[in-house]
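Sequential numbering from 1 along the given sequence is applied to the chain's residues. Only a predicted model underlies this, so the values are computations on that prediction, with no experimental measurement involved.
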Amino acid sequence: MKTATRHRLLYWYLLLFGGVVFSAFFAAAMPKAWMIATAEFFEIDSFPDHRLTWYLARHLSVVYGMLGVAVLELARDLPRYRALVLKLGWGIVVLGVLQWWVDLATGMPAIWTYGEAISTAAGGAVIVYLARGSEEPPADVDY
């Protein structure tokens, strides 16, 4: 694959990835009833109505949202941030593996565990694949 094509694909993939992760901000403001309904849909134990549980759920959504902001910012200047994007991709692969481990350790349903862990690790692998082949972008890359 040509370097210009990899750069273009990486740019658009980071916009998509960052936008999806950015949407976690909405979950931070999600009504409690929706969070409870989501837990019931995935047949997870009832969502405990404790301050710490709500704090952790909303806090995690804010952290993911901030990751989305960072990814969107990195996409704005790929020539400058390519090395960082490559490291971020590897970090997201590791995050997927850690999600798998945590989900198994906490007894999450298989559909949740594999959906979350595989999509995260695969998303990071796509970033690594595209960033590794785009060391120096041609001057004429048009996003």
Check your understanding: For the residue pair Ile92 and Thr120, what are the closest heavy atoms and their distance?
Key -> CG2-O, 3.3 Å
Exercise for review: Output, in order, the C-alpha distance, side-chain angles, deciding distance and verdict of side chain to side chain contact (heavy atoms under 4.5 Å, CB included) for Glu43 and Ile111.
Suggested key: CA-CA 10 Å; Glu43 298 178 359; Ile111 191 170; over 6 Å; no
Point to revise | Non-hydrogen atoms of Val62 and Ala28 that approach each other most closely | key: CG2-CB, 3.8 Å
**Study point:** Closest approach of Pro109 to Phe42 (non-hydrogen atoms, all atoms of both residues)
**Key:** CG-O, 3.3 Å
Review point. Do the side chain of Ser119 and the main chain of Glu116 share a donor and acceptor less than 3.5 angstrom apart?
Key: yes
Check your understanding: Measuring from Met35:CE to Glu40:CD, what's the distance to the nearest 0.5 Å?
Key -> 14.0 Å
Check your understanding: Does Leu15 reach the side chain of Val71, with side-chain heavy atoms less than 4.5 Å apart?
Key -> no
Practice item. Using the test ring pair (Phe, Tyr, Trp, His ring centres under 6.0 Å), find all partners of Trp54 that sit at least two apart in sequence or belong to another chain. Key: Phe47
Point to revise | Nearest-0.5 Å distance that lies between atom CZ in Arg80 and atom CG in Leu74 | key: 10.0 Å
Review point. Hey, mind stepping through Ile127 and Leu86 against side chain to side chain contact (heavy atoms under 4.5 Å, CB included) and telling me if it holds?
Key: CA-CA 7 Å; Ile127 293 170; Leu86 181 59; over 6 Å; no
Revision key, fill the gap. Rounding to 0.5 Å, atoms NZ (Lys2) and NE2 (His7) come to a distance of 15.0 Å
Point to revise | Shared hydrophobic cluster for Ile36 and Ile44 (ILVMFWY, side-chain gaps under 4.5 Å) | key: no
Review point. Mind checking what makes salt bridge (charged side-chain N to carboxylate O under 4.0 Å, His left out) contact with Lys87, not counting sequence neighbours?
Key: none
**Study point:** Closest heavy-atom pair and its distance - Val85, Ala131
**Key:** CG1-CB, 4.3 Å
**Study point:** Heavy-atom closest contact (Gly65 atom, Ala24 atom, distance)
**Key:** N-CB, 3.8 Å
Revision key, fill the gap. Closest heavy-atom pair, Val128 versus Trp90, reported as atoms and distance to 0.1 Å, is CG2-N, 3.4 Å
Point to revise | Derivation and outcome, side chain to side chain contact (heavy atoms under 4.5 Å, CB included), residues Thr53 and His50 | key: CA-CA 5 Å; Thr53 304; His50 300 288; 3.8 Å; yes
Point to revise | Asp103 vs Tyr114, side chain to side chain contact (heavy atoms under 4.5 Å, CB included): CA-CA, chis, key distance, verdict | key: CA-CA 9 Å; Asp103 289 357; Tyr114 295 113; over 6 Å; no
Review point. Less than 4.5 Å apart, any side-chain heavy atom of Arg76 and any of Tyr11?
Key: no
Review point. When rounded to the nearest 0.5 angstrom, what is the spacing between CG in Leu16 and OH in Tyr13?
Key: 7.0 Å
Review point. Taking only residues two or more places apart in sequence, or in another chain, which ones meet Tyr64 in a side chain to side chain donor-acceptor pair (under 3.5 Å)?
Key: Gln99
**Study point:** Crowding at CZ, Phe22 (>12 non-hydrogen neighbours, <6.0 Å)
**Key:** no
**Study point:** Ring-face cation of Arg6 near Tyr129 (centre distance under 6.0 Å, axis angle within 45°)
**Key:** yes
Point to revise | Path from Val97 to Val21 over hydrophobic side-chain contacts below 4.5 Å | key: no
Check your understanding: How long is the span from the CG atom in Leu88 to the CG atom in Leu14, to the nearest 0.5 Å?
Key -> 7.5 Å
Review point. Do Val69 and Trp12 sit in the same hydrophobic cluster, where Ile, Leu, Val, Met, Phe, Trp and Tyr count as joined when their side-chain heavy atoms come under 4.5 Å apart?
Key: yes
Check your understanding: Are Leu95 and Val102 grouped together when hydrophobic residues (ILVMFWY) are joined by side-chain heavy atoms under 4.5 angstrom apart?
Key -> no
